[in-house]
Protein chains: 2
Amino acid sequence: MAAALSVISGKWKLSIINQLLSGQKRYSEINRAIPGMTEKMLSQQIRELEEDGIVSRHIFPEVPPRVEYSLTPIGQELSSIFYTLERWGSHYMTITNDNGEVIQPDYTCYTLVKQDDEVVKESV
Amino acid sequence: MAAALSVISGKWKLSIINQLLSGQKRYSEINRAIPGMTEKMLSQQIRELEEDGIVSRHIFPEVPPRVEYSLTPIGQELSSIFYTLERWGSHYMTITNDNGEVIQPDYTCYTLVKQDDEVVKESV
DNA sequence: TCTATAACCTACCAAAAAGTACGTTCCGCA
DNA sequence: TGCGGAACGTACTTTTTGGTAGGTTATAGA
């Protein structure tokens with residue numbers, strides 16, 4: 001489980017994998033598709049994904065160079081993780097508002113003690 | 001999806017949630033159950049989980065103090081994420097060995113060019 | 001000759017996360 | 001009169017991660 005997390009944690013890895021889920025792509029395509037990401041980050045993170053066996057790299061010995069990336073079979077199996085994360089995440093966001101405050105009935109029980117001093121949480 | 005990840009990423013959060021999946025626990029119980037984690041980390045990360053609405057805190061105004069933590073309903077729904085991560089992770093680990101090298105047939109295609117220079121990867 | 005392109009790499013810097021060490025409060029107990 | 005335990009908080013340092021700015025190679029085209 002920790003292994004799974006360590007493989008996908010990294011600021012841009014989800015985006016990169018997401019790009020590759022729709023098929024083989026070359027470096028510059030991925031780069032253009034993810035705004036805000038620098039080239040250094042792309043090559044760094046995609047290299048880590050490659051070392052972890054998630055993506056594979058095809059180098060075409062041409063000039064100018066051409067490199068295509070695609071997901072390995074086990075990389076493609078990550079889609080189940082994507083699906084689960086997405087489902088929980090969207091459910092979670094319907095329950096919390098933009099400030100990250102919980103909209104649902106107050107699960108937390110701030111003690112009797114604190115309630116005397118101040119208003120800890122207002123109901124929405 | 002990013003929201004889901006940000007909620008569970010943190011070196012000890014998975015362990016903490018894992019502890020709470022088996023029911024309500026108090027601070028010191030969790031602390032003893034997770035070796036290597038300092039008290040500061042526990043209080044820091046469990047506070048973040050609380051702010052995210054994943055765990056709830058019950059303070060008993062006694063001396064010595066007693067605080068019990070438990071998962072909120074949406075926290076319990078994380079178990080599906082746990083299950084998916086665990087399943088993929090264990091599958092992943094049967095495919096890679098202890099050094100993180102891929103055991104399966106070589107997905108990566110190190111070019112013709114490189115193969116002349118050196119042995120890039122040995123088959124296991 | 002000058003410039004642009006692809007797919008990088010390197011050195012350096014800043015910010016975020018984690019770890020270490022110690023302090024706090026209240027009480028019961030020896 | 002200390003001592004220990006519960007559940008933290010705070011100051012400081014280290015480690016990890018991400019970002020900026022530049023360089024590289026070889027060739028095609030203006």
Side-chain angles (χ1 to χ4, degrees), chain A residues 2-3 5-16 19-20 24-52 55-70 108-114 117 120, chain B residues 2 5-16 19-20 24-52 55-70 100 108-114 117 120:
Chain A
L5 257 193
S6 82
V7 158
I8 59 172
S9 63
K11 192 168 175 184
W12 307 101
K13 287 188 185 169
L14 285 181
S15 310
I16 294 171
Q19 286 298 315
L20 293 177
Q24 198 174 42
K25 288 237 171 72
R26 49 189 299 192
Y27 184 89
S28 50
E29 280 182 285
I30 304 173
N31 191 27
R32 274 189 293 269
I34 307 177
M37 181 186 57
T38 63
E39 294 196 348
K40 178 205 159 191
M41 278 298 114
L42 173 54
S43 62
Q44 194 182 89
Q45 306 241 330
I46 214 168
R47 193 154 295 261
E48 287 174 20
L49 288 172
E50 192 198 352
E51 280 165 14
D52 289 337
V55 309
S56 65
R57 145 191 329 217
H58 273 248
I59 305 175
F60 296 83
E62 305 172 352
V63 168
R66 185 156 68 100
V67 181
E68 299 212 328
Y69 294 93
S70 57
T108 61
C109 164
Y110 278 85
T111 57
L112 314 150
V113 184
K114 262 205 171 174
D117 299 338
V120 176
Chain B
L5 258 193
S6 83
V7 158
I8 60 171
S9 64
K11 193 168 176 185
W12 307 101
K13 285 187 185 171
L14 285 182
S15 310
I16 294 171
Q19 286 298 315
L20 293 178
Q24 199 175 41
K25 287 239 171 70
R26 48 190 300 192
Y27 183 90
S28 50
E29 280 182 284
I30 303 173
N31 192 26
R32 274 189 292 269
I34 307 176
M37 179 187 57
T38 63
E39 295 197 348
K40 180 207 157 189
M41 278 298 115
L42 174 53
S43 63
Q44 193 180 90
Q45 306 240 331
I46 214 169
R47 191 154 297 261
E48 288 175 20
L49 288 172
E50 193 198 350
E51 281 165 14
D52 289 337
V55 309
S56 64
R57 152 194 318 222
H58 272 250
I59 306 173
F60 296 82
E62 302 172 355
V63 169
R66 183 155 71 97
V67 180
E68 300 213 327
Y69 294 93
S70 57
T108 62
C109 163
Y110 277 86
T111 57
L112 313 150
V113 183
K114 261 206 171 174
D117 299 337
V120 176

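Throughout, protein chains are lettered first and strands after them, A, B, ... in sequence-line order, and every chain is numbered starting at 1.
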Under the 3.5 Å rule, do the base of D:dG19 and the side chain of A:K40 count as making a donor-acceptor pair?
->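 Counting by modelled atom types and ignoring angles, a donor-acceptor contact under 3.5 Å is found here.
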Atom pair OG1 (A:T38) and CH2 (A:W12), whose distance is rounded to the nearest 0.5 Å =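 Output value for this atom pair is 7.5 Å.
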Rounded distance (nearest 0.5 Å) linking atom CD1 of A:I30 with atom CG of A:L42 | 5.5 Å
So, do [X] and [Y] sit near enough that their side-chain heavy atoms are less than 4.5 Å apart?
X     : Y     : answer
B:Q19 : B:Y69 : no
A:M37 : A:Q45 : no
A:R32 : A:S28 : yes

Please work out if B:Q45 contacts a base, only the sugar-phosphate, or nothing of the nucleic acid, heavy-atom cut-off 4.0 Å.
->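 Sugar-phosphate: the residue B:Q45, judged by heavy atoms under 4.0 Å, touches backbone atoms but no base.
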Classify the nucleic acid contact of A:Q44 as base, sugar-phosphate or nothing, counting any heavy atom under 4.0 Å across all strands shown.
->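 No contact.
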Calculate the interatomic distance between [X] atom [atom1] and [N] atom [atom2]; express it in whole Å.
X     : N      : atom1 : atom2 : answer
A:M41 : D:dA21 : CE    : C1'   : 13 Å
B:E68 : D:dC8  : CD    : P     : 12 Å
A:K11 : D:dG19 : NZ    : C1'   : 8 Å
A:L14 : D:dG18 : CG    : P     : 12 Å
B:F60 : D:dG5  : CZ    : C1'   : 18 Å
B:H58 : D:dA7  : NE2   : P     : 15 Å
A:N31 : D:dG19 : CG    : C1'   : 14 Å
B:I46 : D:dG9  : CD1   : P     : 12 Å

Minimum-distance pair of heavy atoms, taken over all atoms of A:Q24 and A:S70 |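 So the minimum-distance heavy-atom pair works out to CG-CB, 4.1 Å.
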What one should report as the nearest heavy-atom pair of B:R57 and B:R47 is NH1-NH2, 2.6 Å
Segment of DNA chain C, first to last nucleotide, that comes within the 4.0 Å heavy-atom reach of chain B =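 In short, chain B contacts DNA chain C from C:dA18 to C:dC27.
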On DNA chain D, check which nucleotide each of A:G10 and B:R66 is closest to and give me the residue with the more 5' one.
->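 The answer here is B:R66.
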Using only side-chain N and O atoms of B:R47, determine if any of them is under 4.0 Å from OP1 or OP2 of D:dA7.
->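 Result: no.
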Name the residue closer to the 5' end of DNA chain C, choosing between A:P64 and B:P64 according to the nucleotide with the nearest heavy atom.
-> A:P64
Between D:dA26, D:dA7, D:dT10, which nucleotide has the shortest distance from any of its atoms to the side chain of A:V63?
-> D:dA26
A:T38 has its side chain closest, among D:dA7, D:dA6, D:dT20, to D:dT20
